[in-house]
Amino acid sequence: MFNYLLKKQTQTYNRRSLLIFLSKFGLFSIIGWKLFNIQILNSHKYKTLSKKNQINFEILYPLRGEILDRNNKIIASNKSTYDLFLIPEQTNDVKETINELNKQINIDFKTQRKVIDLSKKVKKFESIKILNNINWQNLEIIEANNFNLKGIHLHIVPQRIYPYSENLSHILGYTNKPSEEDLQLPFISNMRTLNIGKTGVEKLFNENLIGKPGKREIEVNAFGKEIREISRDHSKKGKNIKISIDIDVQTFVRKQLSKHKAGSIVVIDSINGEIISMSSIPDYNPNLIINKPNQDYWNEILKNQNSPLTNRSIQGLYAPGSTFKMIVAFAALKKGVISTKDIINCEGKIEFGDRFFHCWKNKGHGNVGLVRAIKESCDVFFYELAKKVGIDDIAKVANEFGLGEISSLGFDIEKKGIIPTKKWKKRTLKKNWYLGETLNAGIGQGYVLCTPLQLAIMTARIANNGLKIEPKITKEKSKKQFDKINLKDQHFKLIKDCMFKVVNENMGTAFKSRSNEYKFSGKTGTSQVKKITLEERERDDFRKKELEWENKDHALFVGYMPSKKPRYAIAIVIEHGGSGASIAAPIAKNIFDYLNDIKKI
């Protein structure tokens, strides 16, 4: 019995000993492997890490994403450019190297002296930039003679390129170095010299286009010279963005607009709000102002009194003139102060207070109702109508059609415009509203100011029977449901019938611009910029008199096509163009012809 117990105890002891031994062995094996890994396999790495001042981190900038038009045509991309550098420690004689380089590609004397002087001041291993963006001919020469050019290096630098140059300058914008304010943004803060979008779509979609930075971990010596690369995380290219612009339509529209000194044209899809074209003149070539701008070209832009950097489509504020008459008509119909049977006699002017309010037609239109008043653009009719409606009710309807409101487009430079009310004048100008000012507003003059984009939105909402479409610059697959303007369908039918007659019936102000192949509808406008004296009005030829460009009226047209099932709405403003009927309406006809011919309807 005793032997049995002794034997059992011995077995138990042996098992415990074995377990303890295996545990200790495993533990010391792990410790041993760690020590071996640190001291032998990765000794260089951990020796370097133990000296923090010898580890540097270098940010690897990402490549910017491309921008595509609605048909996947590239409209903003990147190209590789080459900058030329010298590393002094890699040549025995800097001056001799620069002289040899000068024989090959002709470097101006000032640049030569600058490089030689810098080579004496900087650390010998630091790169000194000699030239930016060298051309292909010089690149080939340098590559062919590389063996004679000790210390000379080429660095590849991505540069933004806009293949359609001026065509899209105001839509796309341009890239440049970030400001201190830009550097507060979390996706830019650690990339202080990265080119970012400064205006337009480039700025609007910066976060998506920029991409994700990478990182290099490098070992440097006490002087800051790189010894080796420890690790590298590659950067990730920015996302590509597809926008709603059709570059073919945009090119055609700009060609029409560029025949004039200044103005804007906006073409919008009246069903979903996509911007098909948005052109502003004068414009600029973004390829010449990015990175290191062409100084002569930049000075030319800054000195141009017509402000090429201004996007008139969203920053230009214009009195809408007679294109505003549909808004007054809608407000009157909503309030119930007018019907198609009501007649007003136009004698060419009306007297109100101590002044006369004139119609564009000196001898008057005679007896006119609402339909003819819009068709022939009778001012007297709308003076009287505006008095009945009142400025505040006109303003409410105008806001419903997108006037006096910042749109959803997203550009932070967009202007709100002015749709005046009694409170607005009291708050802004500290003055009371006068009824005579309502008369001016009734024909789209006075304080009323709109952007071309707002006029395009207004027209699209008329075309689609009151759906409050919002403009968008991106091309999206999803369909959005829009709210409806609180007006009766019969009111939309009536106003659209009037706009049809403007273009397609004799005596309509845009009748000369009609099409025989398809039907479009619209409204002309002539926005007065200079006060016409009574003496000038009494002269039979005052409207035919040639004026200085800056004294001419603005020419406007708003419209949509086709008339029955509208797809596209347009707003045209030609600064100091003169008559909307003779200048702006024919441009609309040309653009609608183009859209019809290429079957974009």
Side-chain angles (χ1 to χ4, degrees), residues 170 253-254 256-267 278-283 304-308 310-328 358-361 377 379 382 398 403-404 415-420 440-459 502 509-510 512-513 522-532 536-537 542-559 569-591:
H170 289 112
V253 167
R254 182 183 177 275
Q256 297 294 308
L257 187 58
S258 62
K259 297 172 185 177
H260 303 273
K261 269 190 178 182
S264 167
I265 299 176
V266 179
V267 181
M278 189 164 69
S279 191
S280 175
I281 290 289
D283 45 26
N304 190 326
Q305 293 182 348
N306 291 322
S307 305
T310 298
N311 184 349
R312 284 167 162 76
S313 300
I314 59 176
Q315 290 178 284
L317 293 176
Y318 307 92
S322 294
T323 64
F324 192 69
K325 288 174 179 174
M326 285 88 72
I327 297 298
V328 179
H358 295 267
C359 185
W360 69 267
K361 192 172 184 179
S377 202
D379 293 331
F382 282 93
L403 306 182
K415 295 288 182 66
K416 186 177 181 180
I418 299 174
I419 297 298
N440 273 333
I443 62 165
Q445 294 282 168
Y447 294 114
V448 182
L449 293 173
C450 306
T451 66
L453 174 64
Q454 289 173 341
L455 293 177
I457 295 168
M458 174 196 78
T459 309
V502 167
T509 54
K512 290 182 179 179
S513 297
K523 181 73 188 77
T524 58
T526 303
S527 174
Q528 187 178 315
V529 298
K530 176 182 177 291
K531 187 175 181 179
I532 303 171
E536 287 174 321
R537 287 187 183 278
F542 90 93
R543 290 194 182 276
K544 298 178 182 178
K545 184 181 177 182
E546 188 65 28
L547 300 173
E548 295 291 329
W549 179 78
E550 61 271 15
N551 291 326
K552 289 183 178 180
D553 298 334
H554 297 323
L556 294 91
F557 183 86
V558 298
I570 196 169
I572 299 173
V573 178
I574 305 299
E575 286 187 22
H576 308 294
S579 164
S582 60
I583 300 298
I587 295 174
K589 162 73 160 47
N590 292 341
I591 294 170

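If you read the sequence from its start, that first residue is 1, and numbering goes on from there.
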Considering all heavy atoms of both residues, which atom of [X] and which atom of [Y] are nearest to each other, and what is their separation?
| X | Y | result |
| --- | --- | --- |
| Ala262 | Trp549 | CB-CZ2, 4.3 Å |
| Cys359 | Asp379 | SG-N, 3.5 Å |
| Ile572 | Ala584 | CD1-O, 3.6 Å |
| Ser513 | Pro586 | OG-N, 3.4 Å |
| Thr459 | Gly559 | CG2-O, 3.3 Å |
| Thr526 | Gln445 | O-OE1, 3.8 Å |

Under 3.5 Å, side chain of Gln454 to main-chain N/O of Lys416, donor-acceptor pair present?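 Side chain of Gln454 to backbone of Lys416: a pair is present.
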Check whether any side-chain heavy atom of [X] sits under 4.5 Å from a side-chain heavy atom of [Y], and report yes or no.
| X | Y | answer |
| --- | --- | --- |
| Ile314 | Thr451 | no |
| Ile419 | Phe324 | yes |
| Leu455 | Met458 | yes |
| Pro282 | Arg312 | yes |
| Lys415 | Leu449 | no |

Interatomic spacing from [atom1] in [X] to [atom2] in [Y] - rounded to 0.5 Å:
| X | Y | atom1 | atom2 | result |
| --- | --- | --- | --- | --- |
| Lys552 | Ile574 | NZ | CD1 | 12.5 Å |
| Ser280 | Leu453 | OG | CG | 12.0 Å |
| Gln315 | His170 | CD | NE2 | 8.0 Å |
| Ile265 | Ile587 | CD1 | CD1 | 5.0 Å |
| Asp553 | Trp360 | CG | CH2 | 13.0 Å |
| Met278 | Ser313 | CE | OG | 5.0 Å |

For His576, run the side-chain contact (heavy atoms from CB on, under 4.5 Å) check against Lys261, His554, Glu548, His260 and tell me which one passes.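 When Lys261, His554, Glu548, His260 are each tested with His576, the side-chain contact (heavy atoms from CB on, under 4.5 Å) holds only for His554.
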side-chain contact (heavy atoms from CB on, under 4.5 Å) between Ile281 and Glu575: does it pass, once the steps are laid out? CA-CA 10 Å; Ile281 290 289; Glu575 286 187 22; over 6 Å; no
Does either side chain, that of Thr509 or that of Ser377, offer a donor lying less than 3.5 Å from an acceptor on the other one?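 Side-chain D/A pair, Thr509 to Ser377: absent.
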